[in-house]
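All values below were derived from every heavy atom in this structure, side-chain atoms included, with hydrogens, water molecules and symmetry-related copies excluded. To find a chain, count down the sequence lines: A is the first, B the second, and so on, and within it residues start at 1.
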Amino acid sequence: MNWNEPKFDELAKQDFLRAEIVADLRAGRYDGVHTRFPPEPNGYIHIGNAKAIWLNYCIARDFGGKFNLRFDDTNPIKEEKEYIDSIIRDVAWLGADFEDRVFYASDYFQQMYDFAIDLIKKGKAYVCELTADQISEYRGDYNTPGKPSPWRDRPIEESLDIFGRMKNGEFPDGSRTLRAKIDMASSNMNMRDPIMYRILHASHPHAGDKWCIYPMYDWAHGLEDSIERITHSMCSIEFENHRPLYDWFLIELGTYRPRQIEFARMNLSYTIMSKRYLKLLVDRGHVTGWDDPRMPTVSGMRRRGYPAAAIQDFLSRAGIAKKSNTIALEVLEHCVREDLNRNAPRFMGVLNPLKVVIDNLPDDHVDFLDAVNNPENPEAGTRKVPFTRELFIERDDFMEVPEKKFFRLAPGREVRLRYAYFLTCNSVIKDSQGNITELRCTVDPATRGGNSPDGRKVKSTMHWVSASKSVSAEVRNYDKLFTVEDPMGQEKEFTQFLNPESLTVLSDCKVEPATADLKIGDRVQLERLGYFCVDLDSAPGKPVFNRTVSLKDSYSKIQAKK
RNA sequence: AGUCCCGUGGUGUAGUGGUUAUCAUAUGGGCCUUUGGAGCCUGUGACGGCGGUUCGAAUCUGCCCGGGACUACCA
């Protein structure tokens, strides 16, 4: 590959990561680009992880390189098969193509073990018998240098022997560790004789019961990248201070050395981006699971109805930099709306039905009207929508005493029923409590299809559904998971800011019959309401729709200002 | 408190010595409309501060201020 081609100048301009990579390639430090996403299978991946995935994948793709999915599965206590499966599924769904390259750090445990032996033989690692508390105490703090472990200078043969016996399961958990012998006075805490192995008699979700010593992340991570011949190891900034340690290990071992470059992780407003706390929401039942449509997880967003392409677009717009950032949720929603506006077929559905009786139509009247499936895409064609004497309209679309700027139906007012007729409300029927139960209306037969031959205009077009020829549905309206932009940056605990209105279930909604053909996961627009996705809880004849995102609504904005 | 990293409209970004400082989103106004959607036009809005170098600084430099990361046998 000729890295001097102009197209690489263009890539270098995209962001500082690509700029560094182009520089490396042109300097001959690497022959190509091979990246990776290294999740720990201790939870489902979220939109913050998705950024790392997308960036690593796109960079590899842009440079004609490869992208690996590799599980950083070095702590069996927190890891589960369910998480492994979900991550593989979610990364693939996102569109980051790892082909057949799914790897496991646990498959490298033997190589790592052998490397550790090398280090002990070189006098660069030793078995330490301090307790966890003692190790912490000996480490010192930011202002105080640490002091050496009494085991630091034990004979190499002794360390070799004990390390082997650690591996053979001769010692209890926590009784011994293998430590690198580096510098207890380093200003970088990571260099104060970091632990390489701990004893853990635990079954591993991928490696089974083969091991009872497990490598620490700092020891394993750089080796994994090295073993896979990763060229550029892009990670978030908290690993900046770990880079000298990874380099130290690789230099001491004399093995292949990838280049690590750090970028800032992404935060999203009105949610949290921590697997640990997302797990807490799941465990405490604040949400229904990792794939709850309110969760910022990839699984949650998929179930919510966010298209992968919209998420990719969002991730690309978020940019790459080193300063801590919180991107507005509105940007994500904008990307989702933009995609769905182009691609989602339209239907009519009524969330809060209000009965309308058309007095100038016979009881058995049925008329099939033509409706456009997607005004943004003529190729989507048209469909027939049944029109009958009794209809449902949206309760919010009627006001007995209309306020200023309310253009919809009111007594004596004429509006258009989408794709149907001009409709005039003549009277309001109420029950004994004074609740409106029904509207008596008439239709102008000359306006069939929605236009008046006399050129008469109406201020509003409303959606509707036939009372007898509609399908009952459940609609789950979702809103922000939290009430504040930064739930973690508050005085009180973050769960105090969970939005009690993040989910509203409407069980008596009516949707037009053409929705019967929809399958789980299908995304549609219910006209004037928003975009919806058919949930997996749907049953035959009883669909469940998740509201993906509402349509932008300038009327509600006017109202909100009051 | 120590080490490291980072400061451009509300938010996220572009910019690498000379531009009316980019784009997106959000937001105000208008047009259009058989979705109060979409689309179109348009307005408001930023270089953290103070010095230095230079004819000229968002860009180089010094100090200050502000923000973030780091003291797990977690990753």
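Side chains of A:E40 and A:Y83: a donor-acceptor N/O pair is absent below 3.5 angstrom, by distance only. In the model, A:E527 has no side-chain atom that pairs as donor or acceptor with a side-chain atom of A:Q525 under 3.5 Å.
Residue contacts shown for A:R139 are limited to sugar-phosphate atoms, with no base heavy atom under 4.0 Å away. Using a 4.0 Å heavy-atom distance criterion, A:E40 is classed as a sugar-phosphate-only contact. Counting non-hydrogen atoms under 4.0 angstrom, A:S460 reaches nothing in the nucleic acid. Nucleic acid contact class of A:T131 (heavy atoms, under 4.0 Å, all strands): base. At the heavy-atom level, A:N451 lies under 4.0 Å from base atoms of the strands shown. If you check every strand for non-hydrogen atoms under 4.0 Å, A:L130 touches a base. Within 4.0 Å of A:R317, counting heavy atoms only, lie sugar-phosphate atoms of the nucleic acid but no base atom. Within the nucleic acid shown, A:Y214 has no heavy atom closer than 4.0 Å to any nucleic acid atom. Looking at heavy-atom distances under 4.0 Å, A:E262 makes no contact with the nucleic acid at all.
Searching all strands for a Watson-Crick or G-U wobble partner of B:G2 with both distances below 3.5 Å returns B:C70. Pairing of B:U25, defined by two Watson-Crick or G-U wobble distances under 3.5 Å, is identified with B:G10.
Residues A:N42 and A:H334 each lie close to RNA chain B; by heavy-atom proximity, the contact nearer the 5' end of the strand is made by A:H334. When each of A:V331 and A:E238 is assigned the nucleotide of RNA chain B with its nearest heavy atom, A:V331 is the one assigned upstream, toward the 5' end.
Between A:D553 and A:K557 there is no salt bridge, since no side-chain N of the basic residue sits under 4.0 Å from a carboxylate O of the acidic one. Using a 4.0 Å cut-off between charged side-chain N and carboxylate O, A:D225 and A:R70 make a salt bridge.
To the nearest angstrom, C1' of B:U25 lies 16 Å from CG of A:L315. Rounded to an integer number of Å, the gap from A:N143 CG to B:U3 C1' is 10 Å. Between the CG atom of A:L551 and the P atom of B:U35 there is a distance of 11 Å, given to the nearest Å.
Annotation: cation-pi geometry satisfied between A:R408 and A:Y555 (NZ/CZ under 6.0 angstrom from ring centroid, within 45° of ring axis).
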